[in-house]
Amino acid sequence: MSNPQPDRKRQINVFQLLPNLLTVSAICAGLSAIRFGFEGNFELAVQLILAACVLDGLDGRLARLMKTESQIGAELDSLADFLNFGVAPVLIMYHWALRDFSGAGWIAVLSYTICCVLRLARFNVDSRADTERLGTDYFVGVPSPAGAVLVMLPMVVSFVFSDLPLAPPAIIAAHICLIGLMMISRLPTYSFKKISIDRRNAGYVLLGVVLMAVALLTYLWATLAVVTFAYIGSLIWAFITTRKSNKAGG
């Protein structure tokens with residue numbers, strides 16, 4: 001009597017689970033960031049949010065590289081984004097600066113979180129319809145990982161300049177609301193993964209990336225603050241250039 005053959009369709013290679021494992025690891029990083037933020041270890045909390053950003057950038061690319069994209073993976077990634085970039089950063093900010101401004105501060109937290117979930121929902125719908133991009137190099141609104149970094153900018157600046165007094169809670173609450181509105185706005189933002197360069201300049205780009213990585217490892221908070229302000233500059237530049245092109249085309 002012959003042994004039954006295993007159903008090949010129900011078997012997968014263990015390595016095919018790696019993208020989802022990265023997503024789950026990002027969720028663990030986000031939840032741990034909330035824990036350490038509420039324990040007062042704000043530097044570690046921000047570092048874990050940054051780790052979640054890195055993992056978020058890797059899981060989808062790895063899935064496409066391994067050709068293991070799935071609907072479950074896409075939904076899991078979206079849920080992870082909501083936790084890591086829509087919930088964890090503002091809860092940390094609330095515990096850092098808004099506990100004595102609890103009423104208006106909590107309204108700011110809710111506003112940001114709702115804006116983030118709306119941003120993610122719009123992105124999911126538009127990406128399926130292939131209508132998210134304004135052009136080859138642009139997205140609509142600030143992406144949620146960038147929103148998480150932007151919303152924590154006051155905290156990062158306080159790490160760099162520890163002797164400076166903290167901004168008033170009302171200013172921080174307004175900042176949180178502003179970043180939330182930027183996520184659901186029609187603001188054009190650069191899609192850096194679509195930017196191409198001349199092959200002759202590839203060496204300079206690689207050198208710049210290496211120097212950036214070394215700077216982040218050596219002077220994390222100062223480098224992160226500079227990169228964040230540079231990103232804000234890119235938002236302003238993208239707004240100006242697209243507005244000029246729209247006027248020229250209209």
Side-chain angles (χ1 to χ4, degrees), residues 17-60 62 72-73 75-121 142-162 166-167 169 171-173 175-180 183 216-225 227-228:
L17 298 176
L18 189 56
N20 288 345
L21 179 61
L22 292 180
T23 306
V24 173
S25 299
I27 293 174
C28 293
L31 289 171
S32 299
I34 296 173
R35 172 201 165 185
F36 287 111
F38 275 70
E39 290 178 354
N41 194 344
F42 296 110
E43 292 194 8
L44 180 56
V46 176
Q47 289 171 353
L48 287 169
I49 296 296
L50 296 177
C53 290
V54 173
L55 292 171
D56 176 70
L58 291 177
D59 56 3
L62 185 60
I72 292 179
E75 295 299 326
L76 186 62
D77 185 65
S78 184
L79 293 172
D81 288 350
F82 176 61
L83 169 67
N84 295 332
F85 311 132
V87 177
V90 281
L91 287 182
I92 295 168
M93 290 292 293
Y94 180 85
H95 193 70
W96 175 68
L98 300 177
R99 284 179 295 173
D100 297 330
F101 197 58
S102 57
W106 189 246
I107 291 174
V109 169
L110 294 178
S111 299
Y112 174 89
T113 301
I114 291 170
C115 288
C116 184
V117 75
L118 291 174
R119 157 70 193 179
L120 290 169
V142 172
S144 56
V149 176
L150 288 172
V151 84
M152 296 188 298
L153 180 59
M155 188 186 298
V156 173
V157 172
S158 75
F159 296 157
V160 180
F161 303 103
S162 56
L166 297 180
I171 299 297
I172 294 177
H175 169 78
I176 291 173
C177 291
L178 175 62
I179 301 304
M183 287 194 291
L216 285 170
L217 291 173
T218 309
Y219 306 104
L220 173 60
W221 304 123
T223 305
L224 182 61
V227 171
T228 305

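Put simply, the side chain of W106 does not reach to within 4.5 Å of the side chain of L98, judged on heavy atoms. Q47 is listed as a side-chain neighbour of L220, based on a closest heavy-atom distance under 4.5 Å. L110 has its side chain out of reach of T113: every pair of non-hydrogen atoms, C-beta onward, lies at least 4.5 Å apart. Within the 4.5 Å cutoff, side-chain heavy atoms of M183 are placed close to those of Y112. Contact annotation: the side chain of L224 approaches that of L50 to within less than 4.5 Å [non-hydrogen atoms, C-beta and beyond]. Inter-residue side-chain proximity for N20 and L76 is flagged as met; some heavy-atom pair is nearer than 4.5 Å. Side-chain atoms of Y94 and I176, non-hydrogen and from C-beta on, never get closer than 4.5 Å to each other.
Here the closest heavy-atom approach between residue I49 and residue A33 is recorded as CD1-CB, 3.7 Å. When all heavy atoms are compared, the tightest approach of L83 to P89 is O-CD, 4.4 Å. Between A173 and F101, the shortest heavy-atom distance links the atoms CB-CE2, 4.1 Å. Contact detail for V151 and M93: the closest heavy-atom pair is O-CE, 3.4 Å. Residues G147 and V142 come closest through the heavy atom pair N-CG1, 3.7 Å. The two residues G86 and V90 come nearest to each other via the heavy atoms O-CG2, 3.5 Å.
Between the side chain of T228 and the backbone N or O of L150 there is no donor-acceptor pair closer than 3.5 Å. Proximity of a side-chain donor or acceptor of D81 to a complementary backbone N or O of L120 within less than 3.5 Å is not detected. Between the side chain of S158 and the backbone N or O of M155, at least one donor-acceptor pair lies under 3.5 Å.
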Decide yes or no on side-chain contact (heavy atoms from CB on, under 4.5 Å) for D56 and D77, but give the supporting numbers first. CA-CA 8 Å; D56 176 70; D77 185 65; 3.3 Å; yes
Under the side-chain contact (heavy atoms from CB on, under 4.5 Å) rule, what do F85 and C53 come out as? Steps first, then yes or no, please. CA-CA 8 Å; F85 311 132; C53 290; 3.5 Å; yes
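For F159, the ring pair (Phe, Tyr, Trp, His ring centres under 6.0 Å) partners two or more places apart in sequence, or in a different chain, are W221. Residues meeting the ring pair (Phe, Tyr, Trp, His ring centres under 6.0 Å) test with F38, sequence neighbours left out: H95. For R35, the side chain to side chain donor-acceptor pair (under 3.5 Å) test picks out E39, with sequence neighbours left out.
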